[in-house]
**Q** 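Pasting in a structure now, in structure tokens, and then I'll have a few things to ask.
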2 protein chains.
Amino acid sequence: MNYSRQREIILDTLKANVVHPTAEYLYAILKSKEPNISLATLYRNLNQLADNGVIKKIDGLDTSSHFDHNTHEHYHFICEKCKRVFDVSSDVAPDIVQKTEAETGFLVKKYDIVFNGICRDCLEKIKESN
Amino acid sequence: MNYSRQREIILDTLKANVVHPTAEYLYAILKSKEPNISLATLYRNLNQLADNGVIKKIDGLDTSSHFDHNTHEHYHFICEKCKRVFDVSSDVAPDIVQKTEAETGFLVKKYDIVFNGICRDCLEKIKESN
DNA sequence: CGTAAAATTAATAACAATTATCATTTTATA
DNA sequence: TATAAAATGATAATTGTTATTAATTTTACG
């Protein structure tokens, strides 16, 4: 991977985001910093960064991929009401890779856990309106 | 959900499949039984069956959704070599929903675990060729 | 430094998977 | 059996993403 100004800006922008943005969301922000950046450049670099383990690509949350600068082991929860994505600690599934490899005899290279449901804020709102 | 001949055939075909087919794969099989069936009908019914909990939609394995007639709690593994999809027992992550709800205060409605790696057969083949 | 090879870019065409539309047909039930 | 709701087939449209290409930028090295 050679240096590229665009990739640096993409990574910086992702790091500055507490959310787990989609490419489309990131693109809107990037456009204001770097008006000539191309959507293809964004996708190319996000995939490249993910392939090199610098960031993480999250699939299965909704129709598009999301991207996460936090590469520490953790999972994700998407709220069906507000659509926000939250982190879930890896404590909820201890030793899952070792257990899976032991059970199957397969080699696990990567894995992900995705939860769907209602977040605490939205649960509160529902409770209030009743 | 009213009865429909096409939906019955779709469900029967899915049940007869040990694999976890994509819509495209299923469509090829269906065509031979029911030549006039439409791809839109297939997608419509797969989503409908999944929404009603009759089958399960698996996302995040590869670029397309896969469908599973087995609705018992279990996870999936896709081999990056042979592309086959395998079941993984729910034992590898005991009480994950309760733990997640306790940790987050969120309501978990559904979740899925997807593993990527190399299956035992492909590991053997790699070992042999060395 | 200068320059050639390799990597990256912007722009956009192309693609694959899925969903929407709509006129017609099938199903449930009064 | 008449009628309203549900489902269908055909296909257009949409969405998210990747491929192509000519131009530009970056890197390696003489």
Side-chain angles (χ1 to χ4, degrees), chain A residues 1-14 19-52 54-68 76 78 83 85 112 114, chain B residues 1-14 19-52 54-68 76 78 80 83 85 112 114 116:
Chain A
M1 264 206 303
N2 281 349
Y3 171 84
S4 105
R5 173 179 159 64
Q6 287 84 342
R7 182 155 52 238
E8 187 173 48
I9 294 174
I10 288 168
L11 186 54
D12 287 350
T13 307
L14 185 58
V19 300
H20 308 71
T22 60
E24 192 194 11
Y25 183 98
L26 265 182
Y27 190 58
I29 299 171
L30 285 165
K31 269 290 198 183
S32 64
K33 298 185 188 178
E34 191 75 2
N36 287 335
I37 200 164
S38 164
L39 184 59
T41 300
L42 175 57
Y43 272 105
R44 209 186 315 108
N45 280 295
L46 287 172
N47 284 330
Q48 204 165 168
L49 289 166
D51 290 345
N52 286 70
V54 182
I55 67 172
K56 221 175 146 188
K57 187 175 186 171
I58 317 164
D59 283 312
L61 284 173
D62 54 25
T63 51
S64 15
S65 296
H66 291 242
F67 298 89
D68 194 348
H76 295 100
I78 186 164
K83 315 294 181 195
V85 176
D112 207 6
V114 165
Chain B
M1 263 204 305
N2 281 349
Y3 171 83
S4 105
R5 173 178 159 65
Q6 287 85 342
R7 182 155 53 238
E8 188 174 45
I9 295 173
I10 289 168
L11 186 54
D12 287 349
T13 307
L14 185 59
V19 301
H20 307 73
T22 60
E24 192 193 12
Y25 183 98
L26 264 182
Y27 190 58
I29 299 171
L30 286 166
K31 270 288 197 183
S32 63
K33 299 186 190 180
E34 191 75 2
N36 287 333
I37 200 165
S38 165
L39 185 59
T41 300
L42 175 57
Y43 272 105
R44 215 183 308 111
N45 279 295
L46 287 172
N47 284 329
Q48 204 165 166
L49 289 165
D51 289 346
N52 286 72
V54 181
I55 67 172
K56 222 174 144 186
K57 187 176 187 172
I58 317 164
D59 283 313
L61 284 173
D62 54 25
T63 51
S64 16
S65 294
H66 291 242
F67 297 89
D68 193 347
H76 296 99
I78 186 164
E80 68 183 26
K83 313 296 179 195
V85 176
D112 207 5
V114 166
N116 282 253

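In what follows, chains are A, B, ... by sequence order, proteins preceding strands, each numbered from 1. The basis for the numbers below is simple: all heavy atoms, side chains too, and nothing from hydrogens, waters or symmetry mates.
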**Q** Grab the two heavy atoms, one from A:Ser4 and one from A:Arg7, that are nearest each other, plus how far apart they are.
**A**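 Result for this residue pair: OG-N, 2.9 Å.
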**Q** Determine, for nucleotides 24-30 of chain D in 5'-to-3' order, which nucleotides have protein heavy atoms under 4.0 Å from the base (write B), from only the sugar-phosphate (write S), or from neither (write -).
**A** --SS---
**Q** Between D:dA10, C:dT8, C:dA10, which one does the side chain of A:Gln48 approach most closely?
**A**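 For the A:Gln48 side chain, the nearest candidate turns out to be C:dT8.
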**Q** Identify the residue among B:Thr22, B:Ile10, B:Leu14 that makes a side chain to side chain contact (heavy atoms under 4.5 Å, CB included) with B:Phe67.
**A**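 For B:Phe67, the side chain to side chain contact (heavy atoms under 4.5 Å, CB included) check succeeds only for B:Leu14.
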**Q** Just the rounded figure in Å: distance from P of C:dA11 to CG of A:Leu30.
**A**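 One finds 14 Å between P of C:dA11 and CG of A:Leu30, rounded.
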**Q** Please determine whether a side-chain nitrogen or oxygen atom of B:Thr41 lies at a distance below 4.0 Å from atom OP1 or OP2 of D:dG9.
**A**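 Yes.
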**Q** Answer yes or no: is there a side-chain heavy-atom contact under 4.5 Å between B:Glu80 and B:Asn116?
**A**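 Side-chain contact under 4.5 Å: no.
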**Q** Quick check: closest heavy atoms across B:Ile9 and B:Glu34, and the distance to 0.1 Å?
**A**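 Of all heavy-atom pairs spanning B:Ile9 and B:Glu34, the closest is CD1-OE1, 3.5 Å.
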**Q** What string of B, S and - do you get for nucleotides 16-23 of chain D 5' to 3' if you count protein non-hydrogen atoms under 4.0 Å?
**A** SBBB----
**Q** So which heavy atom on B:Leu46 is nearest to which on B:Ala23, and how close?
**A**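 Closest pair (atom of B:Leu46, atom of B:Ala23, distance): CD1-CB, 4.2 Å.
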**Q** Checking contacts here: which listed nucleotide (D:dA7, C:dA10, D:dA10) is nearest the side-chain heavy atoms of B:Arg7?
**A**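 Given the options D:dA7, C:dA10, D:dA10, the side chain of B:Arg7 is closest to D:dA7.
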**Q** Of all residues at least two apart in sequence or in a different chain, which pass the side chain to side chain donor-acceptor pair (under 3.5 Å) check with B:Asp112?
**A**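 For B:Asp112, no residue satisfies side chain to side chain donor-acceptor pair (under 3.5 Å) once neighbours in sequence are set aside.
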**Q** How close or far is atom C1' of C:dA10 from atom CD1 of A:Ile10, stated in whole angstroms?
**A**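 The answer, rounded to whole Å, is 12 Å.
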**Q** In whole angstroms, how far is the P atom of C:dT18 from the OH atom of B:Tyr25?
**A**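 Whole-Å distance recorded here is 17 Å.
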**Q** In whole Å, I'd like the distance from the CG atom of B:Leu61 to the C1' atom of C:dA17.
**A**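 Rounded to the whole Å, the gap is 15 Å.
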**Q** Quick one: pull up CG in B:Asp68 and NE2 in B:His76 and give me the separation to the nearest 0.5 Å.
**A**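 One finds 4.0 Å between CG of B:Asp68 and NE2 of B:His76.
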**Q** Just the rounded figure in Å: distance from P of C:dT8 to CD1 of A:Ile37.
**A**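 Going from CD1 in A:Ile37 over to P in C:dT8 covers 14 Å.
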**Q** Provide, to the nearest angstrom, the distance between the CG atom belonging to B:Leu46 and the C1' atom belonging to D:dT8.
**A**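 So the CG-C1' distance, B:Leu46 to D:dT8, works out to 15 Å.
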**Q** Using only atom types and a distance under 3.5 Å, with no angle test, would you say the side chain of A:Tyr27 pairs donor to acceptor with the backbone of A:Ile37?
**A**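 Pair found, side chain donor or acceptor close to backbone of A:Ile37.
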**Q** For the pair made of CG in B:Leu49 and C1' in D:dA7, what is the distance, rounded to whole Å?
**A**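 Rounded to the whole Å, the gap is 13 Å.
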**Q** Please state how far atom CG in A:Asn36 lies from atom C1' in C:dT9, giving the value in whole angstrom units.
**A**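 Whole-Å distance recorded here is 11 Å.
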**Q** Kindly give the heavy-atom pair with the smallest separation between A:His66 and A:Ser64, and that separation in Å.
**A**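 A:His66 and A:Ser64 have their closest heavy atoms at CD2-O, 3.3 Å.
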